[in-house]
2 protein chains.
Amino acid sequence: MELQIQIKMNEKLYLRDPEHTELGKNIILHSIKMIYKLGFESFTFRKLALDIGTTEAGIYRYFENKHRLLVYIIAWYWSWLEYRVKIHTYNIYNPEERLRIVLKLLATTVEDDIQTSHVNESILHQIIIAESTKAFMTNHVTDDNKDQLFKPYKDLCKAIGDFILACNPNYKYPKSLANSIIEIAHIQNFFMHNLPALTDFADEKDESKILEFLEDLVFASIGKY
Amino acid sequence: MELQIQIKMNEKLYLRDPEHTELGKNIILHSIKMIYKLGFESFTFRKLALDIGTTEAGIYRYFENKHRLLVYIIAWYWSWLEYRVKIHTYNIYNPEERLRIVLKLLATTVEDDIQTSHVNESILHQIIIAESTKAFMTNHVTDDNKDQLFKPYKDLCKAIGDFILACNPNYKYPKSLANSIIEIAHIQNFFMHNLPALTDFADEKDESKILEFLEDLVFASIGKY
DNA sequence: TTGAGATAATAGTAATACTATCATAAAAAA
DNA sequence: TTTTTTATGATAGTATTACTATTATCTCAA
């Protein structure tokens, strides 16, 4: 038996559902590779079209512009991560252990443990690290938010915030701490690889050190250290 | 007596020093206003030239491209902030008090307490919140780092890291905690204003709440709570 | 067999991100 | 005072990006 998961995406994210067609799936697959390789700024629909063997117009039928495509990809990642969090914390009833599992999922490179057809999750994780805040750090963030484009991120933060509260119901900043640990995990990873002097992990370049830092931070903050 | 501070900028940041000429100062002044208003993505040299009443070519004489201009502005901010940190912690010998002062400088809107001619520091702070990570989140981060473009940010982190160590010489992650608190301060501020459901400060929209969160986080982490 | 849905091919536009050239005005050096 | 440097303005031009529009073709399902 081969299991496939399918993530239902917000319809505002696309013009035509890329999951429904071969070209659509190719757009997702190749855009992930290309954004990873070139960085989001240098990534263009023209280059993507050339790579896939289609035309710019073809891609514009699926996505309004490259920013929407980025938001789509990132939203997919957050949904997928929330799903992973659910699976990995299933049947675990100790709140601290659950939180530890979440931190590990956030801070370490994904192993392809869930089958998804057309997405390379490990490369996607690298995109998230470098590009994910660009999804909302725009001057149209309010409109995008009204279209619910950031719901997967919010849902994940909500879930993590609830885990934090389960550890310590009196902790005053569960939501803020939730998104903080996500963003810290990414920025530490980015700095470790690109501006290592800014971190305490320069020598080892080891993700498990980031995880230790995060655990230290979180459990000290919620008073369970 | 009127005191003016002058920040010496890395020469790689510009083609022609904007501090030396009227046009140069105008470029800085107007670009800050315009990036604040339009967001960095919608900001162009054409619009800036029109606003100043010069030509695109004129601006290209000062800055290679709009990204370099952003990095210049941000680098200026970090240098200025490090200077502020120095002044405000001068003659304060209690390490925890010093750290508290730094957190306040990081988390709250600047009052124009130091005279600088052509920079609106309070608008600049808003730019930093929304755009500062875009300075290094690029695929040319390594080259830019070799050119020392991020030195002011690194210097500030170093200073904060030293304050952290002064509070607790055994704390294992002073550098990582230093940049983490900077980035958390910004992201909480951004979320509070733009995606308030993600924070615990939604109702009040009050920077002092962010400061409380940061203090809680930092002093818990270094074990002085 | 018809027709809906998807794609390819082509064309075209406005804006962006630059580079180059030349004339001129102002400031500094001779 | 004259010369030279420096900064700016005016103008022009190119490649690329970010789109939109049109038409022809292909495929699959009713």
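Letters A, B, ... mirror the listed sequences (proteins, then strands); counts begin at 1. Only this structure's heavy atoms are used, side chains among them; waters, hydrogens and symmetry mates stay out.
Contacts between residues 59-70 of chain A and DNA chain D, defined by a heavy-atom separation under 4.0 Å, are made by A:Tyr60, A:Glu64, A:Asn65, A:Lys66.
The pair B:Glu41-B:Lys134 counts as a salt bridge, with a side-chain nitrogen and a carboxylate oxygen less than 4.0 angstrom apart.
Residues meeting the side chain to side chain donor-acceptor pair (under 3.5 Å) test with A:Asp17, sequence neighbours left out: none. Take A:Tyr60 and apply the side chain to side chain donor-acceptor pair (under 3.5 Å) test, not counting sequence neighbours, and it matches no residue. Listed by chain and residue number, nothing satisfies the side chain to side chain donor-acceptor pair (under 3.5 Å) test with B:Thr142 (two or more places apart in sequence, or in another chain).
Note: B:Phe136 and A:Phe191 meet the aromatic proximity criterion, with ring centroids under 6.0 Å apart.
When all heavy atoms of B:Asn194 and B:Pro196 are compared, the closest pair comes out as C-CD, 3.3 Å.
Each of B:Phe43 and A:Thr54 lies near DNA chain C, and the nucleotide nearest A:Thr54 is the one positioned closer to the 5' end.
The side chain to side chain contact (heavy atoms under 4.5 Å, CB included) test with B:Met34 is passed by exactly one of B:Leu29, B:Ile52, B:Thr44, B:Asp51: B:Asp51.
Boundaries of the chain A contact region on DNA chain D are D:dT17 to D:dA21, first to last in 5' to 3' order (nucleotide atom under 4.0 Å from a heavy atom). Counting 5' to 3', DNA chain C first comes under 4.0 angstrom of a heavy atom of chain B and last does so at the ends given by C:dT16 to C:dA20.
Annotation for B:Lys12: atom NZ does not count as buried by contact number, only 12 or fewer foreign heavy atoms lying within 6.0 Å.
Residues A:Trp78 and A:Asp155 form no side-chain contact, since every pair of their non-hydrogen atoms from C-beta on lies 4.5 Å or further apart.
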task: Would you please test B:Glu207 and B:Thr109 for side chain to side chain donor-acceptor pair (under 3.5 Å) and show each step?
output: CA-CA 8 Å; B:Glu207 282 177 345; B:Thr109 300; 2.5 Å; yes

